[in-house]
**Q** 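The following block contains the structure, expressed as structure tokens.
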Amino acid sequence: MNEKFLKPYNPKETEDAIYKKWLDSGFFDPDVCVEKGICDKDAEKFSIVLPPPNVTGILHTGHAAMLVIEDIMVRFERMRGKKTLWLPGTDHAAIATQSKVEKILMKEEKKNRHDLGREEFLKRVEKFAQDSHDTIVGQVKKMGSSVDWSREAFTLDEKRNFAVRVAFKKMYDDGLIYRDYRVINWDPKGQTTISDDEIIHEERKANVYTFKYSKDFPISIATTRPETKVGDTAVAVHPDDKRYKKYVGKEYDAEFCGVPLHIKIIADKDVDPEYGTGAVGVTPAHSMIDFEMSKRHDLPMKQVINEYAQMTVDTPALKGKKTKVAREIIVEWLEKEGLLEKTEETDQNISTAERTGCVVEPLPKLQWFIDTNKEISLQHSNIKGVKAGDKITLKELMRTVINNGQTQILPDRFHKVYFSWVDNLRPWCISRQIWYGHRIPVWYRTDKGGKEEIYCGIEAPKDGIWEQDPDTLDTWFSAGIWTFSTLGWPDETEDFKTYHPTNVLETGYDIIFFWVARMILMTTYLLGDIPFENVYIHGLVRDKQGRKMSKSLGNAVDPLELLEKYGADALRMSLIVGVPPGNDNNLSEEKIRAYKKFANKIWNASRFVVSNLDGLDTDKQPKLAKKDEKILHELDELTKDVTEDLENFRLYLAADKLYHYFWHTFADIIIEESKPRLEGDDEADKTSCQWMLYTMLTTMLKLLHPFMPFITEEIWDNISGHEKSLLMVEKWPNKEPK
RNA sequence: GGGCGAUUAGCUCAGUUGGCUAGAGCAACCCGUUUACACCGGGUAGGUCGGGGGUUCAAAUCCCUCAUCGCCCACCA
């Protein structure tokens with residue numbers, strides 16, 4: 001027996017060496033598996049593309065859970081002989097990474113990005129991203145992830161950038177990407193636009209002020225933002241509102257806090273006559289709903305707030321003032337003039353920017369958008385119910401592939417969440433005024449003067465003097481094509497043909513909108529296909545009390561620390577057992593410790609079996625005692641059960657069953673009952689018992705391997721006859737009982 | 001305002017399509033150590049499965065309703 005078995009299992013000494021062994025074998029790469037005869041050339045494929053972690057720092061326990069879930073699926077399918085690819089990568093995460101580096105820069109050098117300039121700043125970001133990347137790769141390895149490093153990708157590397165440009169141009173040519181001047185969400189701190197999904201609504205108390213613009217203005221209005229009222233160009237009332245009918249169509253001039261206003265009274269059915277005074281001051285430039293209304297009624301737009309959330313009106317009292325200050329000035333003025341009718345406190349949902357926490361300022365701006373309501377037709381279609389050439393919108397495409405079951409979200413309660421997002425989707429603003437990201441592949445001619453000429457292309461135009469659009473793309477644009485940009489698209493590579501669509505996308509419920517929906521949007525349009533067949537949604541890893549892990553609470557645990565303490569296998573189990581898809585996991589160290597004990601149990605039971613196999617010919621099955629037949633039959637039942645659980649993504653049940661069977665049946669009962677038989681004089685019975693134990697152990701190791709790859713591989717290696725084989729590519733036990 | 005989830009042992013949670021005396025980890029109590037394992041074994045105690053109603057031979061599981069907690073979405077000024 002190998003000396004290693006004489007000591008308790010030591011994950012620290014074992015894990016890195018085992019991972020290296022796997023890497024050296026090359027079996028993470030499906031091409032190597034085919035080459036070495038591990039899997040058939042024409043075997044069914046199984047592919048997962050890793051949700052690329054942001055290069056903003058280190059991995060947290062949520063990432064660890066993601067890696068474990070995917071690794072279990074991948075190892076299972078690889079052992080089943082499928083041509084299995086798990087493709088790793090990282091995400092440049094544009095705005096998240098840039099703002100992180102900006103924070104560091106400000107803290108350490110008291111500089112902003114403009115102090116460095118675009119080129120130098122980007123160098124800093126790239127350095128930061130590279131360091132993060134290296135840390136992340138190290139962590140991914142520590143978890144035992146069997147990803148194919150030879151295919152590693154980055155959302156902002158050259159190949160992906162090419163794919164992004166090709167995708168952009170196609171969408172531009174089809175009229176799906178367009179430039180428009182409209183009110184967008186502006187983050188005054190981050191100095192960029194953000195999409196609707198990057199907004200966090202925060203509930204706050206706010207005052208609603210009811211007042212008139214001037215003494216002789218006939219209608220009172222209410223608002224929480226009096227400072228924007230200097231930009232009003234209309235007052236809207238409901239068409240059927242008798243109180244105001246006589247004013248509709250009339251126009252009034254007023255002097256509002258020193259600012260001349262010209263207000264038209266309009267009737268619009270979006271106004272709720274029951275709410276407030278039943279009349280709304282319309283500010284086309286600083287409210288999305290008012291902007292829409294102004295378009296319907298052809299109202300003039302008057303911008304009064306700039307990118308720094310300062311007032312731009314010429315009135316000395318207000319000019320240059322922050323909006324918050326301006327609000328106070330105006331309220332004071334209203335009081336003084338006797339125009340303020342009442343002030344009430346109300347709960348208000350205020351929009352803040354996800355990354356900077358700054359209150360979002362709606363501003364009119366010229367930006368790039370994706371139109372999800374424009375009819376297009378697909379050149380090819382593998383989408384059930386959609387033929388090439390059919391007129392269809394992106395929204396409809398997004399609905400179709402879920403409705404027809406081609407892509408399934410697990411648990412399916414998230415279908416509803418998905419649909420409600422799709423239904424309420426407004427034009428997706430994809431341009432950002434940040435520097436880190438994919439530059440928009442559009443150029444403007446500057447040498448002709450006068451009329452602006454626009455060129456969208458994969459490369460810069462050759463003739464004339466052109467300037468590229470300074471903006472970059474929303475990070476989710478490049479993330480949206482991740483399942484195939486990683487496989488070589490737009491080239492028709494072997495990888496692309498073999499592995500796309502992918503089998504599973506595994507991700508958290510917090511990014512269904514950001515990512516899952518965007519991937520479906522981009523893939524159905526660009527490929528006429530689905531990006532993945534199954535979406536496995538995992539929940540959040542929380543602390544023992546169910547609180548979200550966060551730096552400020554100080555309850556965030558570094559998965560690496562847990563791994564050091566308890567071993568990767570124990571951590572893996574604790575992230576899986578009892579955690580159904582979509583559920584949060586309140587992780588405690590006690591739970592991890594329990595699986596460390598389990599690892600030790602496996603180790604010791606294995607030692608017992610291995611040290612009692614003397615004289616057994618493992619190649620030739622002896623005549624089995626009835627009780628051994630029965631035990632092995634039970635094992636077949638377990639195999640079947642576990643296999644079906646894995647096929648149906650019930651990892652949490654499979655892991656639990658294996659735990660219980662190994663400990664409370666195999667170790668507690670079967671091994672205990674085998675002791676007298678192994679000591680006894682009945683040679684035939686002893687041989688039968690040995691065979692049973694041997695079969696039991698090797699089968700259990702195979703079944704456990706996807707969950708606890710390190711310790712099972714290590715034990716496998718210490719069973720005589722296995723010196724040259726790797727458990728990782730052993731055949732999965734047959735699920736049909738013999 | 002709309003939607004979703006949760007409520008099971010002292011604590012944190014499982015319980016797959018309704019089906020054997022409802023499970024795990026931790027905590028508690030008792031007994032056990034000349035060998036696979038004290039990172040242990042054996043045993044004990046602990047639950048009217050949030051309340052109420054219904055469907056069924058059978059419900060923690062399905063339906064209705066109420067309560068509490070949590071999450072997501074939303075341009076009511």
**Q** Under 4.0 Å, heavy atoms only, any strand: does A:K601 hit a base, just the sugar-phosphate, or nothing?
**A**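 Touches a base.
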
**Q** Which is true for A:A667 with a 4.0 Å heavy-atom rule: it touches a base, it touches only sugar-phosphate, or it touches nothing?
**A**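 Base contact.
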
**Q** Can you see if the side chain of A:Y275 gets near the phosphate of B:A77 - specifically, an N or O under 4.0 Å from OP1 or OP2?
**A**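 Yes.
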
**Q** Just to be sure I understand the rule, does A:E274 reach a base, reach only the sugar-phosphate, or reach nothing, if contact means heavy atoms closer than 4.0 Å?
**A**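 Nothing, no nucleic acid heavy atom in range.
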
**Q** Side chains of A:W476 and A:W515: does their closest heavy-atom pair fall under 4.5 Å?
**A**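 Contact flag for A:W476/A:W515 side chains = yes.
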
**Q** Calculate, to the nearest 0.5 Å, the distance between atoms CZ and CD belonging to A:F513 and A:E198 respectively.
**A**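 Taking CZ in A:F513 and CD in A:E198, the distance rounds to 14.0 Å.
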
**Q** Just checking A:R426: base, sugar-phosphate only, or nothing, at a heavy-atom cut-off of under 4.0 Å?
**A**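 Base, at least one base atom sits under 4.0 Å.
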
**Q** Think A:K597 has a side-chain N or O under 4.0 angstrom from the OP1 or OP2 of B:C26?
**A**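 For A:K597, the contact criterion (side-chain N or O under 4.0 Å from OP1 or OP2 of B:C26) is met.
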
**Q** Need one value for A:Y652: base, sugar-phosphate or nothing, where a base atom within 4.0 Å counts as base even if backbone is also close, heavy atoms only.
**A**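 A:Y652: backbone/sugar contact only, no base atoms under 4.0 Å.
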
**Q** Would you say the base of B:A77 and the side-chain of A:Q348 have a donor-acceptor pair closer than 3.5 Å?
**A**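 Looking at the base of B:A77, it does not pair with any donor or acceptor on the side chain of A:Q348 (distance under 3.5 Å).
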
**Q** Let me spell it out: for each of A:K591 and A:R413, pick the nucleotide of RNA chain B with the closest heavy atom. Which residue's pick is nearer the 5' end?
**A**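 Here A:R413 is the residue nearer the 5' end.
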
**Q** Categorize A:D668 for me: base, sugar-phosphate, or nothing, with a 4.0 angstrom heavy-atom threshold over every strand shown.
**A**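 If one applies the 4.0 Å heavy-atom cut-off, A:D668 turns out to touch the sugar-phosphate alone, with no base involved.
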
**Q** Categorize A:N583 for me: base, sugar-phosphate, or nothing, with a 4.0 angstrom heavy-atom threshold over every strand shown.
**A**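 Since only primed, P, OP1 and OP2 atoms lie under 4.0 Å of A:N583, the category is sugar-phosphate.
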
**Q** Students often get this wrong, so: under 4.0 angstrom with heavy atoms, is A:F513 touching a base, only sugar-phosphate, or nothing?
**A**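 Contact class for A:F513: sugar-phosphate only.
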
**Q** Across the strands shown, which category fits A:Y659 at heavy-atom distances under 4.0 angstrom: base, sugar-phosphate, nothing?
**A**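 Touches sugar-phosphate only.
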
**Q** For A:P362, report the nucleic acid contact type (base, sugar-phosphate, nothing); a contact means any heavy atom under 4.0 Å.
**A**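 Result for A:P362 = nothing.
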
**Q** Among A:L635, A:L658, A:V609, exactly one meets side chain to side chain contact (heavy atoms under 4.5 Å, CB included) together with A:F666. Which residue is that?
**A**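 Answer after filtering A:L635, A:L658, A:V609: A:V609.
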
**Q** Considering every strand and a 4.0 Å limit on heavy-atom distances, what is the contact class for A:A605: base, sugar-phosphate, or nothing?
**A**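 Since a base atom lies under 4.0 Å of A:A605, the category is base.
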
**Q** When you measure from the centre of the six-membered ring of A:F369, is the NZ or CZ of A:R182 closer than 6.0 Å and no more than 45° off the axis?
**A**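 Pair A:R182/A:F369 counts as cation-pi.
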
**Q** Hey, is the side chain of A:W663 poking within less than 4.0 Å of OP1 or OP2 on B:A24, counting only N and O atoms?
**A**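 For B:A24, OP1/OP2 do not have a side-chain N/O of A:W663 under 4.0 Å.
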
